[in-house]
Amino acid sequence: MSIVIRGGTIVTADQTWQADVFCDEGKILAIGNDLDVPSSAEVIDASGQYVMPGGIDPHTHMQLPFMGTVASEDFYTGTAAGLAGGTTSIIDFVIPNPQQPLMEAYRDWREWSEKSCSNYSFHVAVTWWDETVGKDMGTLVREEGVNSFKHFMAYKNAIMADDEVLYNSFTRALELGAIVTCHAENGEMVFQLQKKLIEMGITGPEGHPLSRPPAAEGEAANRAIRMAEVIGLPLYLVHVSTKDALDEIIRARNAGQRVYGEVLAGHLLIDESVYQNPDFEFAAAHVMSPPFRSKEHQDALWKGLQSGSLQTTATDHCCFCAPQKAAGKDNFTLIPNGTAGVEDRMMMLWTHGVNTGRLTPQEFVAVTSTNTAKIFNIYPRKGTIQVGADADIVVWDPEATKTISKDTHHQNIDFNIFEGKTVKGVASHTICNGHLAYVDGDLRVKPGTGVYIKRPAFPNTFNALQKIAARNQPKVVSRS
Ligand code: URP
Ligand code: ZN
Ligand code: ZN
């Protein structure tokens with residue numbers, strides 16, 4: 001299928017200019033004015049609209065088995081919903097059970113994700129440690145195109161990685177030239193607070209944020225950052241939700257450490273008052289970790305994004321419907337953690353970022369696509385509009401409006417945390433690998449058309465880092 005996008009304004013992270021874009025065989029083949037293209041090419045009239053790189057959501061959990069159930073959104077419905085919102089790639093997570101071989105879990109996720117209709121890739125979680133885990137990490141990096149390993153510092157007695165696991169996995173990742181990522185919350189602190197709150201009779205969703213105070217996130221962020229400093233490798237903190245964690249990132253970056261931070265659209269736009277709602281279904285639908293926070297933290301997160309201390313935006317899309325959330329009716333610790341948003345992220349970021357003047361359109365492109373592509377080493381194949389890049393493009397109508405609702409969204413969940421919010425600025429067309437996947441409300445997708453993205457390791461960065469790491473290692477001092 002060949003497509004020409006005419007009359008739009010191209011926006012990348014570095015440049016804004018007016019030109020046509022011609023795509024064929026899944027690639028951007030030409031950019032220029034009055035392009036001469038085959039008469040068979042489908043023409044998209046983008047006048048008055050922006051032509052931007054398709055969104056990349058670096059944090060989703062399609063059909064995740066978690067907390068005794070399985071997320072309701074599968075790889076087909078979830079990637080389709082992403083395309084409806086202008087997101088053309090996701091990076092999901094392989095999460096092995098403790099003692100499960102990484103490669104076995106990886107194969108399970110690759111099988112489940114075959115029905116994806118957008119591009120997809122995987123971070124692989126390290127949830128336990130022995131030598132076979134280190135060996136599988138090598139296979140994943142060298143043969144499967146995995147360049148990032150995830151660590152959950154929370155979820156004790158399930159998938160939590162303790163300091164020993166973190167140390168071993170970080171050390172191995174450095175050898176392999178892979179980046180490490182962390183869910184930073186002190187899992188022991190959360191576990192103890194959960195027990196205490198239940199004993200006190202606080203069993204409803206209002207107990208959820210009380211069991212996960214900002215300090216628990218700040219402590220874990222600092223621990224992960226310090227461990228990465230000593231071992232000497234880059235670190236990416238997922239879903240930074242507090243000023244506490246952000247301050248640790250800023251400190252480390254000012255000290256010259258390569259630390260990156262991701263923020264969720266939900267954490268920027270929803271505050272902790274949702275947990276006080278007396279309607280269990282409503283409050284439980286917002287139970288995710290880390291929880292939604294106070295306005296003070298939200299303001300700090302916006303500033304972090306604007307200043308570049310936080311580089312990426314994501315959703316942590318992890319859907320559980322009301323009957324699944326009901327598992328925690330009498331005990332908030334049993335409510336499956338997760339909320340949705342893969343379809344809404346770009347619209348919410350544009351409306352509350354660009355339309356408010358917090359972000360320029362170029363900065364919007366950086367935080368919704370380009371920075372993720374760079375950090376996870378798929379740039380410029382993804383994350384920009386240039387000749388030779390994959391034809392993953394969103395045509396964005398900055399004047400179009402829409403009111404978000406569970407009744408009209410494409411996400412496979414019976415709730416939307418942004419319910420009733422009106423956005424201005426929506427995807428009119430989404431092109432994924434050169435195929436027109438979404439046109440003004442019409443999804444044109446088929447299961448299995450998505451492409452698995454291999455992400456190479458970072459040998460150059462790591463050569464430099466290993467030199468720095470060597471300086472941080474204990475020295476043998478002669479006692480002569
Ligand atoms: O509540 C959340 N975030 N659920 C998904 C797992 C995780 O912590 O990312
Ligand atoms: Zn998490
Ligand atoms: Zn997550």
Side-chain angles (χ1 to χ4, degrees), residues 57-73 78 82 90-97 105 109 120-127 148-161 166 180-187 190-191 194 205 207-209 211-212 214 216-217 220-221 224 235-242 245 260-268 270 272 274-275 283-293 312-321 324-325 327-328 332-342 345 372 376 411 413 415 417:
D57 188 334
H59 189 156
T60 65
H61 302 279
M62 305 305 172
Q63 69 193 76
L64 174 68
F66 192 48
M67 296 185 71
T69 183
V70 179
S72 56
E73 187 87 281
I90 59 167
I91 313 183
D92 207 275
F93 294 81
V94 172
I95 308 183
N97 292 317
W109 259 268
Y120 59 100
S121 195
F122 289 108
H123 312 280
V124 175
V126 176
T127 52
S148 51
F149 292 97
K150 167 77 179 281
H151 306 81
F152 290 91
M153 298 171 78
Y155 307 123
K156 183 177 148 98
N157 295 332
I159 53 177
M160 184 172 101
L166 294 180
V180 291
T181 81
C182 282
H183 167 140
E185 283 185 299
N186 183 315
V190 171
F191 178 74
Q194 285 179 330
H208 179 67
S211 68
R212 312 185 92 99
E217 184 177 333
L235 169 71
Y236 176 97
L237 291 176
V238 304
H239 51 42
V240 175
S241 76
T242 57
Y260 305 105
E262 164 196 286
V263 62
L264 307 185
H267 282 137
L268 289 166
I270 307 285
E272 62 188 356
V274 291
Y275 300 115
H286 290 89
V287 167
M288 67 156 304
S289 296
F292 298 113
R293 306 289 192 184
T312 66
T313 59
T315 58
D316 200 356
H317 186 84
C318 186
C319 297
F320 298 108
C321 294
Q324 295 173 290
K325 294 273 183 181
F332 71 85
T333 70
L334 303 178
I335 301 171
N337 286 203
T339 55
V342 72
R345 176 183 66 125
T372 291
F376 293 106
Q411 302 169 141
I413 180 170
F415 193 87
I417 56 170

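Remember, it's 1-based here, ligands and their atoms both numbered in the order they're listed. In what follows, residues are counted from 1 in the order of the sequence shown.
When non-hydrogen atoms are compared, ligand 1 lies under 4.0 Å from the side chain of D316 (C-beta onward) but not from its backbone. Heavy atoms from both the backbone and the side chain of M288 come within less than 4.0 Å of ligand 1.
Residues meeting the side-chain contact (heavy atoms from CB on, under 4.5 Å) test with T315, sequence neighbours left out: D57, T60, H317, V342, R345. Residues passing the ring-ring contact (aromatic ring centres under 6.0 Å, His included) test with H59, sequence neighbours excluded: H61, F93, H239. Applying the ring-ring contact (aromatic ring centres under 6.0 Å, His included) test to F376 and every residue at least two apart in sequence or in another chain returns H123, Y236.
Residue C318 approaches ligand 1 through these ligand atoms, each under 4.0 Å from one of its heavy atoms: 5 (C). Within ligand 1, the atoms closer than 4.0 Å to a non-hydrogen atom of H61 are 5 (C), 6 (C), 7 (C), 9 (O), numbered from 1 in the order shown. Heavy-atom proximity to S289, at under 4.0 Å, picks out these atoms of ligand 1: 1 (O), 2 (C), 3 (N), 8 (O). Those atoms of ligand 1 with a heavy atom of H239 less than 4.0 angstrom away are 8 (O), 9 (O).
A donor-acceptor contact shorter than 3.5 Å links the side chain of T127 to the backbone of P96. Side chain of Y275 to main chain of H286: a donor-acceptor pair is present (N/O by atom type, distance under 3.5 Å, no hydrogens or angles). H267 contributes a side-chain N or O that, together with a main-chain N or O of P290, makes up a donor-acceptor pair within less than 3.5 Å. Side chain of K325 to main chain of P336: a donor-acceptor pair is present (N/O by atom type, distance under 3.5 Å, no hydrogens or angles).
In the model, Q194 has no side-chain atom that pairs as donor or acceptor with a side-chain atom of T333 under 3.5 Å.
Of all heavy-atom pairs spanning V70 and Q324, the tightest one is O-NE2, 2.8 Å.
Among E185, R293, R212, the single residue meeting the side-chain hydrogen bond (donor to acceptor under 3.5 Å, both in side chains) criterion with S241 is R293.
Residue contacts with ligand 1: Y155 is included, with a non-hydrogen atom under 4.0 Å away.
Note on the Zn ion (ligand 3): protein N/O/S atoms under 2.8 Å are H59 NE2, H61 NE2, D316 OD1.
Ranking protein heavy atoms by distance to atom 4 (N) of ligand 1, first place goes to N337 O, 3.0 Å.
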